[in-house]
K.L.:
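Below is one structure. I have some questions about it.
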Amino acid sequence: MIGKLNHVAIVVPDLATAATLYSDTLGASISRPIPLPEHGVTTIFVELENTKIELLEPLGDSSPIAKFLADNPTGGMHHLCYEVDDILKARDKLIACGSRVLGDGKPKNGAHGKPVLFLHPKDFCGTLIELEQT
Ligand code: CO
């Protein structure tokens, strides 16, 4: 059911520092910072040949990644995003298998303007999973 790894997301305490690390030290090509108020994050994409890294910094007072950063002050890996052809079909199958979909279970528009859903980390080997419709 899952297809390609779309991205790995890393929460960082300071986006500018992380951007410099990825562009200058690691020599990767990166996007400009993109504020996503409806997700409570600002993101920079690191473009790799086979996938992307999403650097995430909290945006606003009720950012969903604020607690993660409080628990992991130097940042850390936050989620993996897998591509699926049909997000509603994938969701229904996962629910039928007993997996928990976060929030109201309705796909929201993600950072790439495509529908996304998040799956409970306790149901997936301790890893928060994002599904993105291709
Ligand atoms: Co993501």
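Ligands are counted one by one from 1 in listed order, and the atoms in each one are counted from 1 as well.
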K.L.:
Please report the shortest heavy-atom distance between Ile44 and Pro33, naming the atom on each side.
P.N.:
CG1-CA, 3.6 Å
K.L.:
For the Co ion (ligand 1), state how many protein N, O or S atoms fall inside a distance shorter than 2.8 Å.
P.N.:
4
K.L.:
Side-chain polar contacts of residues 109-118 - donor-acceptor pairs under 3.5 angstrom, sequence neighbours left out - could you list them?
P.N.:
residue, atom, partner, partner atom, Å
His112, ND1, Glu132, OE1, 2.7
His112, ND1, Glu132, OE2, 3.4

K.L.:
Output the distance between atom CG (Leu15) and atom CG (Leu55), rounded to the nearest 0.5 Å.
P.N.:
6.5 Å
K.L.:
Considering only residues two or more places apart or on different chains, which pairs with a residue in residues 59-71 satisfy side chain to side chain donor-acceptor pair (under 3.5 Å)?
P.N.:
Lys67-Asp71
K.L.:
With respect to His79, which candidate in His39, His120, His7 satisfies the ring-ring contact (aromatic ring centres under 6.0 Å, His included) definition?
P.N.:
His7
K.L.:
Who pairs with Leu5 by side-chain contact (heavy atoms from CB on, under 4.5 Å), at least two apart in sequence or on another chain?
P.N.:
Val8, Thr51, Leu80, Tyr82
